[in-house]
Protein chains: 4
Amino acid sequence: MADEMEQWLSSLLRLIDEDEKMTERQIRIIQAAVDTFAEKGYASTSTAEIAQKAGVAEGTIFRHYKTKKDLLLSIVTPMMSKLVAPFVLRDFLKVLDTEYRHFEDFLRAAMRNRLEFVKKNAPIVKIMLHEIPFHPELRDKFKEELIPQVAERLRRIVTHFQARGEIVEMPPFAVVRMSVSAVLGYILTRCFLFPEYDWNDEEEIERVVRFIMHGLTPKSGAD
Amino acid sequence: MADEMEQWLSSLLRLIDEDEKMTERQIRIIQAAVDTFAEKGYASTSTAEIAQKAGVAEGTIFRHYKTKKDLLLSIVTPMMSKLVAPFVLRDFLKVLDTEYRHFEDFLRAAMRNRLEFVKKNAPIVKIMLHEIPFHPELRDKFKEELIPQVAERLRRIVTHFQARGEIVEMPPFAVVRMSVSAVLGYILTRCFLFPEYDWNDEEEIERVVRFIMHGLTPKSGAD
Amino acid sequence: MADEMEQWLSSLLRLIDEDEKMTERQIRIIQAAVDTFAEKGYASTSTAEIAQKAGVAEGTIFRHYKTKKDLLLSIVTPMMSKLVAPFVLRDFLKVLDTEYRHFEDFLRAAMRNRLEFVKKNAPIVKIMLHEIPFHPELRDKFKEELIPQVAERLRRIVTHFQARGEIVEMPPFAVVRMSVSAVLGYILTRCFLFPEYDWNDEEEIERVVRFIMHGLTPKSGAD
Amino acid sequence: MADEMEQWLSSLLRLIDEDEKMTERQIRIIQAAVDTFAEKGYASTSTAEIAQKAGVAEGTIFRHYKTKKDLLLSIVTPMMSKLVAPFVLRDFLKVLDTEYRHFEDFLRAAMRNRLEFVKKNAPIVKIMLHEIPFHPELRDKFKEELIPQVAERLRRIVTHFQARGEIVEMPPFAVVRMSVSAVLGYILTRCFLFPEYDWNDEEEIERVVRFIMHGLTPKSGAD
DNA sequence: GATGAATGAGCTTTCATTCAT
DNA sequence: CATGAATGAAAGCTCATTCAT
């Protein structure tokens, strides 16, 4: 079964496994819920449909998740953490000294890593994107915990490379925003807007990194 | 009333006025629908709630819009067109020769213009962002009409400035994607993620334009 | 229709009519609800059954009553007031001077009157008896409003006739309790325990009144 | 544990013990069921809640009682018998000759005895009062077995004391009804309506007995 | 014997839509 | 045109009962 299992599922299971074992039925419920939430949106998905897709009775869903909302949260909450996990690890900043000689090395690594993550967890990330704005618990966690944490870590990195003269003088958060825009612009286009297009990820990553570093202006004296 | 009217409403009215007159009741319905769809999402909004907020009977909604979905489309469809209108106007490309000496002038103007548009129409743009992926008619129009049209126009502009040596050699669509990412990154952060923050738009626009043109690397020998 | 209408219904309608008109459908809903609540108890009655008996769609019930509990309260609350109404009327005590020469005249009148009331409203009174203990709002209103009010009025009457030497010296509330026990003992036996038995109400009322006044001991020297 | 055990429980256990042994789990189930049925009513109590309060699995309840209704009956049926037991014992009438010189001695003894019984078994008696009317088996047993048996025994006692000239000439069943009303009036008020009030039972019993014998009219020539 | 996950019928409630007024 | 009462299908959820472990 592991082979057929979609990436996001084994990913999610690993997250939850650590706390408590999930029964096979629970896995089928989560699987059906993620598929359907991603396809039609949370509010337009009925518990009856999830139960049917999962091949369980409707009551079974409610034995494991008190409410439909609970089911949503049990999917979204652990993934939200994992989405930003690489940036909030305690020893994240130390890594800098040893691992990334230049800012663009860091950019390249981070972009590659998060792109793989989103590729593996596309349906859940799609659910997150759509549901976070409409559920206060999620929105608050996102705006008041995750974003600030990630932003702060990135700010330090930016400051670090600004001190080394690798990054232009500009408010660090502005640097963060623009880097993130460029990276996310590609990841979202690639995974959600045109997933069917045949992307050459390595080439595109390289392009984005170069864009972030040098912009669109041709090298002076090149013409 | 025009003074109190929210921007997006008069904007929307102008769009529809051209075709047919709207009654005052219809306006109140649209107003209530937009507010509520933006706040809770289309699927989680009941027609009863819209009717109540609009101060009309439930039946009245269905006199003007055959179904709830119709009501959504009557809001989203014209705005979708207007969102990309500046880029698909017939004489858009001519403007280039006469108006924008440099690529960054065009960027600056376009970004300023679309930012104003989103600021004025924030609730409807939010509805669009959330509903387009879940409604095939909308998704198809978006992916197969709007995006290709806009992309094509922008591609020509990029080609134009590449020919002039203002833009680095790179597949034109890649240039488009990266410029759009940077511009949208700011617009969406500013209008939806942190609308409450006190932004200095002119300054930020300038920063984004400079970022697009030169990236994050400091001028060589500048320090 | 008025002729076929059951007594408790016209009774209840009069109560509610004064505030606002009830539609014919609402009447049928109340009728079906009262019948079924009385027969099977509130908790064992489904709204589907009420709707079917009333010949309306289930949704119609919830258009008129926000919840099933609301429906119960709309039946029980006005009747609770009416059950004790004769005792809490503002001019109730004045009546004493003019109308009832002796305590037993008052007893006879009150018993006759409340017996008629319960006979006419038997199903609703049955619902009250069973539901008051399980619904805090009802229980509180009953124990902390209705009973104290009625008890206080009756206490004054008892005191009045004690002063005249018609009633034995005993704590007035004890007198009230025993009179009420005797009266209710008959009313409940007659209306709920053995309603099918062919009661001669006037004779029984007379017996109860004589019992309350003289007890079971034969007149001394009478035999 | 016997010390902490509530009165009604040891009472019920003695009833059932005679037939078959109960396991400790069964006792906990009964305990939880009685508490909850009394608090919220049979129909509003879920087997899940009983299981949880009893600290057993839901399945365990159904191992001992085929259905939820069975559980109710196993509580109510033996108590119904015991409630009227003193009056239907085979040698009940003989006792009269030897034990009670006067009717009021009998009244006093019976009232004292049944009051103690209800005090000890209050929750179960409450369940009986509420459920008997809604369950045909219980209702039939109550109306067609218990009441007739008790009534007949009491009728004979009344006839006995009427022959001795201690009780006024009146249909014996009427005497029974009025005595029972007076006695139950106190017991129910004391145990269910105002159990929190600080009652002096002996005093009240004496008052009720005197009320039954002499009514409310003061002794002639007393004023 | 005890467990508790699973069931599916049934519950109360919501909702888009219709239509007589 | 506007209304809002009525509808009934479908929603989320509960629950007594079963059964493999």
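Residue numbers begin at 1 in each chain, while the letters A, B, ... track the order of the sequences.
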J.: If I take atom CD in residue A/E58 and atom C1' in nucleotide F/dG12, what distance separates them, rounded to the nearest angstrom?
T.: 7 Å
J.: Nearest whole angstrom, please: distance from the P of F/dA11 to the CG of A/L71.
T.: 15 Å
J.: Hey, does the side chain of A/T77 reach the backbone of A/S74 with a donor-acceptor pair shorter than 3.5 angstrom?
T.: no
J.: Would you say A/H64 places a side-chain N or O within less than 4.0 Å of OP1 or OP2 belonging to E/dA6?
T.: yes
J.: Which residues pass the salt bridge (charged side-chain N to carboxylate O under 4.0 Å, His left out) test with C/K53, not counting sequence neighbours?
T.: C/E39, C/E49
J.: Please tabulate, for side-chain N and O atoms in residues 122-134 of chain D, each donor-acceptor pair with protein atoms closer than 3.5 Å (sequence neighbours left out).
T.:
unit_1: D/K126; atom_1: NZ; unit_2: D/A38; atom_2: O; d: 3.0
unit_1: D/H130; atom_1: ND1; unit_2: D/K126; atom_2: O; d: 3.2
unit_1: D/E131; atom_1: OE1; unit_2: D/H135; atom_2: NE2; d: 3.0
unit_1: D/E131; atom_1: OE2; unit_2: D/Y42; atom_2: N; d: 3.2

J.: C/A54: what forms a side chain to side chain contact (heavy atoms under 4.5 Å, CB included) with it, not counting sequence neighbours?
T.: C/R28, C/I29, C/A32, C/V56
J.: Does B/T67 reach a base, just sugar-phosphate, or nothing at all? Heavy atoms under 4.0 Å.
T.: sugar-phosphate
J.: Does any part of the side chain of C/L71, heavy atoms only, come nearer than 4.5 Å to the side chain of C/T47, both counted from C-beta?
T.: no
J.: When Watson-Crick pairs (N1 to N3 and N6-O4 or O6-N4) and G-U wobble pairs (N1-O2 and O6-N3) count only below 3.5 Å on both distances, what is the dot-bracket string of DNA chain F, with | for other-strand pairs?
T.: .||||||||||||||||||||
J.: Between N or O atoms, less than 3.5 Å apart, protein on one side and nucleotides 19-21 of chain E on the other: list the pairs.
T.:
none

J.: If you round to the nearest 0.5 Å, how far is CD1 of A/I50 from OH of A/Y65?
T.: 10.5 Å
J.: Start at the 5' end of DNA chain E and walk down; is the nucleotide closest to A/A57 or to D/V56 reached first?
T.: D/V56
J.: What is the separation between atom NZ on A/K69 and atom C1' on F/dG12, rounded to the nearest whole Å?
T.: 14 Å
J.: Expected output is a numbered-order residue list: members of residues 38-46 of chain B with a heavy atom under 4.0 Å from any atom of DNA chain F. What is it?
T.: none
J.: Please tell me which of the listed nucleotides, F/dT7, E/dA16, E/dA2, lies nearest to the side chain of C/R25?
T.: F/dT7
J.: What nucleotide, of E/dA2, F/dG12, E/dA16, holds the atom closest to the side chain of D/T60?
T.: E/dA2
J.: Crowded around D/E137 CD? As in, over 12 foreign heavy atoms under 6.0 Å?
T.: yes
J.: Report yes if some heavy atom in the side chain of D/T60 is under 4.5 Å from a heavy atom in the side chain of D/H64; otherwise report no.
T.: yes
J.: How many Å lie between CD1 on D/I50 and C1' on F/dC15, as a whole number?
T.: 12 Å
J.: Picking from F/dA6, E/dT17, F/dA2, which would you name as closest to the side chain of C/T23?
T.: F/dA6
J.: Could you state the interatomic distance from CG (C/L73) to CE (C/M80), rounded to the nearest 0.5 Å?
T.: 10.0 Å
J.: Taking the side chain as C-beta and beyond, is there a heavy-atom pair between C/T67 and C/D70 under 4.5 Å?
T.: yes
J.: Tell me the interatomic distance from A/F37, atom CZ, to F/dG12, atom P, rounded to whole angstroms.
T.: 9 Å
J.: Between B/I61 (CD1) and E/dT18 (C1'), how many Å, whole number?
T.: 14 Å
J.: Tell me if a side-chain donor or acceptor on A/K141 pairs with a main-chain N or O of A/P136 at a distance below 3.5 Å.
T.: no
J.: If I take atom CZ in residue D/R28 and atom C1' in nucleotide E/dT3, what distance separates them, rounded to the nearest angstrom?
T.: 13 Å
J.: If you measure from OG1 on B/T45 to NZ on B/K68, what distance do you get to the nearest 0.5 Å?
T.: 6.0 Å
J.: Quick one: A/Q52 CD to E/dT7 P, roughly how many Å, whole number?
T.: 14 Å
